[in-house]
Amino acid sequence: MIKIMADSTCDLTQEFVKQYNIGIAALNIEIEGVNYRDKIDITSDQFFERLPDMEKLPKTGAPSPEAYLNIIEKSVDEGYTEFLCICMSSGTSASFQTAKIAKDSFYEKHEDTEVKIHVVDSWSMSHGSGWLILKTAQLLEEGYRFEELVTFAETRKNA
């Protein structure tokens, strides 16, 4: 089984995430000394409501490697054997890098595994990476194999 993963900046609706069972690793947001997980502890609407009253600009941080690794480990337990992780641009976030760290960590823990993990730098953010995830999920539903999905994501990321 193939699992698609992403970071929370892809701005996909909850309905879409549920429909395609997308694994989402939450970005971290610090607002005036309090840490939140994007779209878990604080919604986009809540964030933008609070923004005008903030004395300091919020800080964001990439999902931790553990956030990605937890998705992989849980999904392997559910029978998934192939993972395609599509991250926001490496030029704007460390999300791509932390996903790669999670991949390497998984392979270090499970040296003899046959699990396949491929991490894509989408070269975009928000709806750009969301579009790539959406199309990839639709192709998965149509029966595309893992290697075909990887090729699609890698070649279409700059379209």
Side-chain angles (χ1 to χ4, degrees), residues 1-12 14 16-18 20-31 33-44 47 57-137 139-140 144-159:
M1 287 195 317
I2 301 169
K3 177 84 167 184
I4 297 175
M5 298 169 44
D7 58 61
S8 59
T9 66
C10 63
D11 292 330
L12 297 171
Q14 282 297 90
F16 180 82
V17 169
K18 284 182 184 177
Y20 292 100
N21 195 24
I22 308 289
I24 300 291
L27 262 72
N28 301 295
I29 303 170
E30 182 185 318
I31 301 173
V34 179
N35 291 311
Y36 301 90
R37 292 169 297 162
D38 184 32
K39 298 183 179 62
I40 296 173
D41 303 321
I42 189 168
T43 66
S44 296
F47 174 82
L57 288 176
K59 297 177 185 176
T60 60
S64 67
E66 290 78 18
Y68 288 109
L69 194 55
N70 288 341
I71 294 168
I72 295 167
E73 295 278 1
K74 180 179 181 238
S75 299
V76 166
D77 290 345
E78 295 170 355
Y80 289 90
T81 57
E82 297 170 311
F83 296 84
L84 179 57
C85 182
I86 301 173
C87 300
M88 79 161 112
S89 175
S90 63
T92 58
S93 172
S95 180
F96 172 72
Q97 212 51 18
T98 59
K100 288 180 68 171
I101 291 168
K103 171 186 170 180
D104 293 343
S105 178
F106 179 83
Y107 286 139
E108 286 173 16
K109 273 177 74 174
H110 307 279
E111 292 177 10
D112 296 329
T113 189
E114 294 189 23
V115 168
K116 296 178 187 175
I117 305 169
H118 186 85
V119 182
V120 176
D121 179 351
S122 72
W123 296 353
S124 59
M125 295 178 61
S126 188
H127 295 294
S129 60
W131 175 86
L132 188 60
I133 297 160
L134 168 68
K135 295 305 292 180
T136 302
L139 294 174
L140 173 59
Y144 277 54
R145 295 177 321 213
F146 182 71
E147 293 76 15
E148 294 170 315
L149 296 173
V150 168
T151 299
F152 173 82
E154 288 290 358
T155 57
R156 296 302 299 220
K157 68 183 179 184
N158 61 353

Given 3.5 Å as the limit, does a donor-acceptor pair link the side chain of K3 with the main chain of N21, or not?
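Checking the backbone N and O of N21 against the side chain of K3, a donor-acceptor pair under 3.5 Å is found.
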Quick one: does any side-chain atom of S95 pair with a main-chain N or O of A62 as donor and acceptor, under 3.5 Å?
no
Rounded to the nearest 0.5 Å, how far does CD1 of I4 lie from CZ of F83?
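These two atoms lie 11.5 Å from each other.
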Rounding to 0.5 Å, atoms NZ (K135) and CD1 (I86) come to a distance of 12.5 Å
E114, CD: over 12 other non-hydrogen atoms inside 6.0 angstrom:
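Counting neighbours around CD of E114, 12 or fewer heavy atoms of other residues, nucleotides or ligands fall under 6.0 Å, so no.
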Just so I know, are the side chains of [X] and [Y] near enough to count as touching, which here means a heavy-atom distance under 4.5 Å?
X	Y	result
N28	R37	yes
K39	S44	yes
H118	F146	yes
F152	L84	no
K157	V120	yes
Y68	C87	yes
F106	I117	yes
I31	I42	yes

I need the single residue from L12, I24, V17 that forms a side chain to side chain contact (heavy atoms under 4.5 Å, CB included) with I133. Which is it?
L12
Do you know which two heavy atoms are closest between D121 and S89, and how far apart they sit?
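Shortest heavy-atom separation between D121 and S89 comes out as OD1-CA, 3.3 Å.
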Would you say the side-chain atoms of T136 and Y144 include a donor-acceptor pair closer than 3.5 Å?
no
Less than 4.0 angstrom from a charged side-chain N to a carboxylate O is my criterion; do E82 and R145 meet it?
no
